There are 2 protein chains.
Amino acid sequence: MQRTLLTVEYSEEEESLAQFAKALSHPVRIKILKLLASRQCCFTGELTEFIPMAQSTISQHLKALLEAGLIQGEINPPKVRYCIDRENWLKAYAVFQDFFTPERVFECDCPMLTGDKSPLSC
Amino acid sequence: MQRTLLTVEYSEEEESLAQFAKALSHPVRIKILKLLASRQCCFTGELTEFIPMAQSTISQHLKALLEAGLIQGEINPPKVRYCIDRENWLKAYAVFQDFFTPERVFECDCPMLTGDKSPLSC
DNA sequence: TTAGTTCATCGCAAATATACGATTAATAAA
DNA sequence: TTTATTAATCGTATATTTGCGATGAACTAA
């Protein structure tokens, strides 16, 4: 894409949130995370038994989750054991919680929300 | 893309989470949400004064946020006033909170996390 | 009516994401 | 050594996302 205008600057928080969100932006990755977390222990390519997708596709999604830091993998040939990355899980939890904090929205006294029908005040 | 295998089924929760996450998966959309929420009231295309991007591009991102339900718009010609959609904001908050609940992860007694070096137990 | 303002939409180009089958690498088992 | 198993990676096709400028629609003000 062409970017003739100035480059937009983002804060670390904005980048971090967007990265975690991107990792969650496909339902199959959410399913994978839930499967990994719900098992009494972590497991490997048994994922392909639960999710009707090509092995290579699932491997790609696992890579995306790995790069986002939400899971970790331990090579145990010929298998690989994947597991939720607790530390980053909690970090993501905090990032989303901070962003969606209700205070952020309740501070806003937008006329549209309060029912004020006066002309634009902004 | 070809999808010769079975179609994967997703729960409503999985779809909903993925949709909210997709809306947040671009840092500029996060910036827009923060700007809308931080103003003492909601505002319109002043966004273009804060974000160095083409007006049409910002309009596209606003549309994405609208379709995700995170903001609402009120036509007030020739301006349009955008505002956080409180109801869905809180819904998204709940969806992320439910998903990332620490219990989900602390229930997992993966050997990888507990330090157990025994062979794969799953 | 005419001109100006605001913002959505269109049309296009480039980048990224998604999915698959085929292949390869690493290892264990026969 | 040979074979089997597991999972990553490669190559490719298609879909979606992202960005821009240009245009058009809706309304106000002159």
Side-chain angles (χ1 to χ4, degrees), chain A residues 1-8 10 14-15 18-19 21-32 35-36 42-68 71-83 119-120 122, chain B residues 1-10 14-15 18-19 21-32 36 42-68 71-83 119-120 122:
Chain A
M1 284 142 290
Q2 56 204 125
R3 293 274 7 224
T4 58
L5 297 178
L6 287 171
T7 306
V8 185
Y10 301 111
E14 287 162 351
E15 299 269 20
Q19 273 182 5
K22 181 168 265 183
L24 299 174
S25 71
H26 194 301
V28 85
R29 287 196 288 269
I30 292 171
K31 201 183 266 294
I32 290 173
L35 278 167
L36 288 179
C42 317
F43 62 120
T44 63
E46 295 149 314
L47 286 169
T48 55
E49 295 170 22
F50 290 90
I51 302 173
M53 274 183 165
Q55 177 263 323
S56 58
T57 305
I58 290 184
S59 187
Q60 263 182 332
H61 285 298
L62 286 168
K63 190 181 177 190
L65 291 171
L66 260 180
E67 284 171 356
I71 62 174
Q72 50 189 147
E74 182 188 273
I75 296 171
N76 212 318
K79 296 196 174 189
V80 175
R81 179 180 353 202
Y82 281 106
C83 185
L120 285 175
C122 49
Chain B
M1 281 142 294
Q2 58 203 126
R3 293 275 5 225
T4 58
L5 296 179
L6 287 172
T7 307
V8 184
E9 298 282 334
Y10 301 112
E14 287 161 352
E15 299 270 20
Q19 273 183 3
K22 181 168 261 182
L24 299 174
S25 71
H26 193 300
V28 87
R29 288 197 287 269
I30 291 171
K31 201 183 267 293
I32 289 174
L36 288 179
C42 317
F43 62 120
T44 62
E46 295 149 315
L47 286 169
T48 55
E49 294 169 23
F50 291 90
I51 302 173
M53 274 184 166
Q55 178 264 324
S56 59
T57 304
I58 290 183
S59 187
Q60 262 182 334
H61 285 298
L62 285 169
K63 190 181 177 190
L65 290 171
L66 261 181
E67 285 171 354
I71 63 174
Q72 49 189 147
E74 182 186 273
I75 296 172
N76 213 319
K79 297 197 174 188
V80 175
R81 180 181 351 204
Y82 283 105
C83 185
L120 285 176
C122 48

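These values consider heavy atoms only, across backbone and side chains, with no hydrogens, waters or symmetry-generated copies. Source: prediction; values computed, not measured. Sequence lines set the chain letters: A, B, ... in the order given, protein chains first and strands last, and positions in each chain run from 1.
Contact check for K31(B) versus I51(B): side-chain heavy atoms found under the 4.5 Å cut-off.
Atoms CD (E74(A)) and C1' (dA8(D)) sit 17 Å apart, rounded to a whole Å. Regarding L65(A), its CG atom lies at a distance of 14 Å from the C1' atom of dA17(C), rounded to whole Å. The CG atom of L66(A) sits 8 Å away from the P atom of dA8(D) (whole-angstrom rounding). As rounded to whole Å, 12 Å separates atom P of dT5(D) from atom NZ of K79(A). Regarding K63(A), its NZ atom lies at a distance of 5 Å from the P atom of dT9(D), rounded to whole Å. In this entry the distance linking CD of E67(A) with C1' of dT16(C) reads 13 Å, nearest Å. One interatomic measurement links the two molecules: CZ of R81(A) to C1' of dA26(C), which rounds to 18 Å at whole-angstrom precision. A straight line from CG of L24(B) to P of dT17(D) spans 14 Å, rounded to a whole angstrom.
For S59(B) and dA8(C), the shortest distance from a side-chain N or O to OP1 or OP2 is below 4.0 Å. A close approach under 4.0 Å does occur between a side-chain nitrogen or oxygen of Y82(A) and OP1 or OP2 of dA8(D). For R29(A), a side-chain nitrogen or oxygen approaches OP1 or OP2 of dT18(C) to under 4.0 Å. For the pair H61(A) and dA19(C), the criterion of a side-chain N or O lying under 4.0 Å from OP1 or OP2 is met.
Only one option out of I30(B), V28(B), L24(B) pairs with E14(A) in a side chain to side chain contact (heavy atoms under 4.5 Å, CB included); it is I30(B).
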Evaluation steps, side-chain contact (heavy atoms from CB on, under 4.5 Å), between Y82(A) and I32(A): CA-CA 10 Å; Y82(A) 281 106; I32(A) 290 173; over 6 Å; no
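The aromatic rings of Y10(B) and H26(A) lie perpendicular to each other, with more than 60° between the two planes, well past the 30° mark.
When each of dC7(C), dC20(C), dG21(D) is scored by its nearest atom to the side-chain atoms of A54(B), the top-ranked nucleotide is dG21(D). Comparing dA8(C), dA8(D), dA19(C) by their nearest atom to the side chain of M53(A) picks out dA19(C). Candidate nucleotides dG21(D), dT18(C), dA17(C) were compared by shortest atom distance to the side chain of H26(A), and dT18(C) ranks first.
One can find a donor-acceptor pair under 3.5 Å joining the base of dA8(D) and the side-chain atoms of Q55(A).
Comparing Q60(B) and S56(A), the nucleotide of DNA chain D nearest to each residue sits closer to the 5' end for S56(A). Both I58(B) and K22(B) lie near DNA chain D, and the one whose nearest nucleotide falls closer to the 5' end is K22(B).
Between the side chain of R29(B) and the backbone N or O of K22(B), at least one donor-acceptor pair lies under 3.5 Å.
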